[in-house]
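Notes to accompany the following structure.
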Amino acid sequence: MTGAGGQPGAPSDAGVLARTETAARLRTAVGRLARRIRPTRAGAELTLTEATVLATTARNGPVGLSWLAREEGMNPTMLSRVVWRLEDAGLLARRPDPRDRRAALVDATAAGRRLHERIRAERTDALSQLIEHLGVAEREALDAALPVLEQLARDLKDRRP
């Protein structure tokens, strides 16, 4: 098989267009799904950024502020404001880093962990109810696609600027 310019194995224009279309459709579908599952009763008082910082901290804490800023793709000043609001709400706690007293670690409080779990449970339940209404073939297709979607998510995280 020859692709563009007659080179063996080179991608054809049709192949590139098909992959671009697939990428655009995937981006749109994932974006819509994420936006529609995002709102929860449990997390209604949090902004999207606050909920994300809480989730990352609850999963990985205690964590350094510089690590958290890199992980969330936020500038440190904005992250400090978000952490302060979450601390003020009793969801995060800040303490000195025992390895470097100039730095701070943040961790989810018990209340923060409970809220994070309630948000996760609501989102999982919402998706579970939707999946329940899919046909067998659609559920099998979804199950088969999950490893690929998970790999794409890992690869995108690794490619972050």
Side-chain angles (χ1 to χ4, degrees), residues 19-134 138-161:
R19 281 190 302 284
T20 300
E21 176 65 21
T22 297
R25 288 179 61 203
L26 177 61
R27 180 189 47 77
T28 300
V30 168
R32 283 182 182 156
L33 187 60
R35 282 190 304 277
R36 291 175 182 164
I37 198 168
R38 195 174 293 144
T40 61
R41 285 185 299 280
E45 70 277 4
L46 300 179
T47 66
L48 171 61
T49 302
E50 290 166 348
T52 301
V53 168
L54 176 61
T56 300
T57 305
R59 280 192 312 270
N60 300 287
V63 296
L65 291 171
S66 58
W67 178 88
L68 188 56
R70 279 191 311 275
E71 186 70 12
E72 293 301 323
M74 297 175 69
N75 77 48
T77 302
M78 176 57 80
L79 176 69
S80 289
R81 290 182 192 139
V82 171
V83 168
W84 181 84
R85 286 192 302 269
L86 291 169
E87 280 182 289
D88 195 48
L91 302 172
L92 290 184
R94 189 185 316 226
R95 63 181 161 94
D97 184 335
R99 294 169 292 167
D100 180 356
R101 293 289 183 188
R102 297 167 296 170
L105 296 175
V106 291
D107 201 1
T109 63
R113 288 184 193 290
R114 284 191 303 271
L115 178 59
H116 167 64
E117 287 304 318
R118 287 194 340 256
I119 291 169
R120 284 185 60 201
E122 279 186 43
R123 290 175 178 165
T124 298
D125 186 53
L127 274 176
S128 182
Q129 289 177 28
L130 292 173
I131 292 168
E132 186 177 310
H133 295 295
L134 295 176
E138 292 167 316
R139 282 196 302 267
E140 289 173 353
L142 180 59
D143 287 341
L146 285 174
V148 175
L149 293 171
E150 291 163 346
Q151 183 63 49
L152 288 173
R154 284 190 297 274
D155 291 350
L156 277 173
K157 181 182 177 194
D158 294 342
R159 292 182 64 177
R160 229 194 265 166

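Values in this document were obtained by computation on a predicted structure and should not be read as measured data.
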Looking at side-chain heavy atoms only, is the closest gap between Gln129 and Asp125 below 4.5 Å?
yes
Is Leu54 close to Leu46 at the side-chain level, that is, under 4.5 Å between some pair of heavy atoms?
yes
Can you establish whether the number of heavy atoms outside Trp84 located under 6.0 Å from its atom CH2 is more than 12?
no
Set of side chain to side chain contact (heavy atoms under 4.5 Å, CB included) partners for Asp143, sequence neighbours left out
Leu146
Could you work out, with salt bridge (Lys or Arg N to Asp or Glu O under 4.0 Å) as the rule, every residue matching Arg120, not counting sequence neighbours?
Glu117
Please tabulate, for the side chains in residues 29-45, all donor-acceptor contacts under 3.5 angstrom to protein atoms that are two or more places apart in sequence or on a different chain.
unit_1: Arg35; atom_1: NH1; unit_2: Gly31; atom_2: O; d: 3.4
unit_1: Thr40; atom_1: OG1; unit_2: Gly43; atom_2: N; d: 3.0

Do Val63 and Asn60 make a side-chain contact, defined as non-hydrogen atoms from C-beta onward lying under 4.5 Å apart?
yes
Among all residues two or more places apart in sequence or in another chain, which pass the side chain to side chain contact (heavy atoms under 4.5 Å, CB included) test with Ala58?
Ala108, Arg113, His116
Do Leu105 and Pro98 have side chains that get closer than 4.5 Å, going by heavy atoms?
yes
Check: Thr109 side chain, Leu91 main-chain N or O, donor-acceptor pair, under 3.5 Å:
yes
With Asp100 via side chain to side chain contact (heavy atoms under 4.5 Å, CB included) - residues at least two apart
Arg102, Ala103
Would you say that Thr57 contacts Val83 through its side chain, given a criterion of any heavy-atom pair below 4.5 Å between the two side chains?
no
Nearest atoms (heavy-atom pairs only) where Gln151 meets Asp155
NE2-OD1, 2.6 Å
Is Val106 close to Leu68 at the side-chain level, that is, under 4.5 Å between some pair of heavy atoms?
yes
Atom CG in Leu79, atom OG1 in Thr49: separation rounded to 0.5 Å?
10.0 Å
Inter-residue atom distance Ser128.OG - Arg123.CZ, 0.5 Å rounding:
16.0 Å
Separation between CD of Glu21 and CZ of Arg19, rounded to the nearest 0.5 Å:
13.0 Å
Which heavy atom of Ala104 sits nearest to which heavy atom of Arg94, and what is that distance?
CB-CG, 3.7 Å
Please check this pair: side chain of Arg139 against backbone of Leu134, looking for a donor-acceptor N/O pair closer than 3.5 Å.
yes
Would you please name every residue forming a side chain to side chain contact (heavy atoms under 4.5 Å, CB included) with Thr52, sequence neighbours left out?
Leu48, Thr56, Glu72
Kindly compute the distance separating OG1 (Thr22) from CZ (Arg27), expressed to the nearest 0.5 Å.
12.5 Å
State, to 0.1 Å, how close Ala111 and Gly90 come at their nearest heavy-atom pair, and which atoms those are.
CB-O, 3.9 Å
Arg85 side chain reached by Leu92 side chain, heavy atoms, under 4.5 Å
no
